[in-house]
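Working notes, structure below.
All ligand and atom numbering here is 1-based and tracks the order in the structure.
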Amino acid sequence: MVTERPRESRREEIDAILRAKTGGVTETRDEADKYTVVGAARRRTFANWLTPVEEHFVCHRNDIPDIDADAWTVSLTGHVEGALSMADITDAYPTVAVAHTMECAGNGRGQHRPETGSVQWGFEAAANAFWTGAPVGSILRDHGVESAAGRWLTAIGGDPSDDDDLFARSIPLAKALDDCLLAYEMNGEQLPREHGYPVRLIVPGWYGVNNVKWVEELRVMDTMVVDGALERAGEHAFWQQDAYRIHPEGAAAEMNETVETVDTWEQLEGAVEHPYTFDANVMSVIGTPSGESPVPLETTDAVDIRGVAWAGDDAVDRVEISTDGGETWNAAELFGPAYAGSWRLFRYEWVAEPGEYVLLSRATDELGRRQPSRISGPDAWRDALDDDEFPWNEGGYAANAYEPNGVTVELVRSDENRSSE
Ligand SMILES: Nc1nc2c(c(=O)[nH]1)N[C@H]1C(S)=C(S)[C@@H](COP(=O)(O)O)O[C@H]1N2
Ligand SMILES: [Mo]
């Protein structure tokens, strides 16, 4: 139902984003030039805990809506009733901030062989910002919501669609009441238009797609969004029930009103026939050395390998580093802030000889689930998990295999380095 065709407006939008982000990001396109996407331009982005707005990836489907914040309202519907102006959201509720590792569910898609459709992301569609806003729990309790009781919250974006579908995503009401925000600032600045101005949903630790930008309606429901569930024109369930589902080639994802678990990995292990992309799977990326230029080495020097690791709603338990392409592994040290839903820094002091190396990192979450070594062939489906592989899937979603063959670095003696200058 979604027709893929290029749009004139796309080019201007990408150019404006690239200008605003001053070189911190670079663009990746899908074939039809339908998505606007930009991702981190440099591996070094993943050597820091906080991602500057300039280095934070951007991913959405439709054109960015032009919104007059003074006239904007978020309507509350379903089991709640009301309408919030931006002034209500900023002044009538507590101001809180959360750190959130946003990862596009398509991050790592570029490793699938055969290739899947859509944007061929490497590892650049992940970022960690802090978001300021009002707790969804404060707003909903103020409007009479007392318990989550198996209910769902559906957030609808105000982005215009030329395909008749609404950008509607459902999360369990329990998660919404627990730690979600209606955010109006990003890293302490006014929310940029491409990140959802004037207000977006933040779902800490959950894949990007759940974090609806340009929110115009929040609906408390007994089920997640299915066809015909909303009192709105257009198609309701495409983004929840069809797109962003993990399934083998040619399979049509079944529509569900509810699921037994929202843990994406548990769904992959078999709890749900065709998993939804909810909380992020355990993942890690090395930030430095970046591999961009040879690393000068004194005989006594060690190389500081640094990166980030995250695991959605779960904590990162450990990170291991291989400097020999996966033959042997060494424990890295976790350091820095440890906030739920946000990535951890890791480091490993590598005492090395000059040469060429492939560095890999692999993280394990608190439930003992470790990143798989690679993506499977197209036919393995869930059996891949038994072979330490991530199941190839048609949409290329939720892939968390060791980041594309790691990073190749060259180490040289610093005197060699000088003489080559
Ligand atoms: N309204 C709306 N919200 C949206 C999207 C969209 O297309 N429309 N894209 C989602 C996807 S797929 C991702 S990965 C995140 C990206 O958020 P960012 O652009 O702020 O990084 O926004 C999500 N929110
Ligand atoms: Mo995404």
Side-chain angles (χ1 to χ4, degrees), residues 2 7 10 13-14 16-18 20-21 24-25 27-28 30 34-40 45 51-65 67 72 74 100-110 116-121 124-131 133 154-163 165-171 180-187 189 191-218 225 234 238-240 242-246 276-278 280 395-399:
V2 174
R7 274 209 214 93
R10 186 61 57 215
E13 225 185 57
I14 295 177
I17 292 170
L18 292 174
K21 291 189 176 263
V25 290
E27 66 181 83
T28 310
D30 67 330
K34 172 96 179 166
Y35 283 102
T36 295
V37 296
V38 302
T45 295
T51 310
V53 172
E54 291 72 25
E55 296 171 33
H56 197 294
F57 78 97
V58 177
C59 178
H60 52 258
R61 182 75 177 190
N62 301 306
D63 287 356
I64 298 172
I67 293 175
W72 192 251
V74 176
H100 162 56
T101 295
M102 183 98 70
E103 182 185 16
C104 179
N107 197 32
R109 176 186 287 135
T116 66
S118 196
V119 178
Q120 297 300 299
W121 290 119
E124 64 275 25
N128 190 54
F130 75 90
W131 303 85
T154 300
I156 304 172
D159 34 337
S161 164
D162 52 22
D163 292 316
D165 53 82
L166 290 167
F167 196 88
R169 289 285 308 183
S170 305
I171 58 171
C180 295
L181 294 191
L182 275 184
Y184 42 82
E185 286 178 11
M186 177 182 188
N187 287 357
E189 298 169 26
L191 194 56
R193 338 173 38 235
E194 64 270 22
H195 290 291
Y197 176 82
V199 66
R200 80 177 301 172
L201 186 66
I202 289 294
V203 187
W206 285 37
Y207 283 117
V209 67
N210 301 286
N211 297 254
V212 176
K213 306 197 262 196
W214 316 295
V215 171
E216 65 175 21
E217 180 177 343
L218 291 178
V225 61
F238 178 72
W239 294 101
Q240 184 79 12
D242 195 346
Y244 286 90
R245 297 288 296 280
I246 307 170
Y276 295 81
T277 43
F278 289 146
Y397 293 121

Is any N or O atom of [X], backbone or side chain, closer than 3.5 Å to an N or O atom of ligand 1?
X      : answer
Tyr244 : no
Arg200 : yes
His60  : no
Met102 : no
Trp214 : no

Answer with side chain, backbone, both or neither: which part of [X] has a heavy atom less than 4.0 angstrom from an atom of ligand 1?
X      : result
Glu103 : neither
Asp159 : side chain
Tyr207 : neither
Asn211 : backbone

Of the protein's non-hydrogen atoms, which lies at the shortest distance from [atom], and what is that distance?
atom                   : answer
atom 2 (C) of ligand 1 : Phe167 CD2, 3.4 Å
atom 3 (N) of ligand 1 : Lys213 N, 2.9 Å
atom 9 (N) of ligand 1 : Cys59 O, 3.2 Å

Residue among Glu55, His56, Glu54 satisfying side chain to side chain donor-acceptor pair (under 3.5 Å) with Thr45: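 That would be Glu55.
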For Phe57, all residues meeting ring-ring contact (aromatic ring centres under 6.0 Å, His included), sequence neighbours excluded: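 Partners of Phe57 under the ring-ring contact (aromatic ring centres under 6.0 Å, His included) test: none.
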Check: Val225 main-chain N/O paired with Ser170 side-chain donor or acceptor under 3.5 Å: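 Yes, Ser170 side chain to Val225 backbone: donor-acceptor pair under 3.5 Å.
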Identified side chain to side chain contact (heavy atoms under 4.5 Å, CB included) partner of Ile171 from the options Val203, Asn211, Thr154: Val203
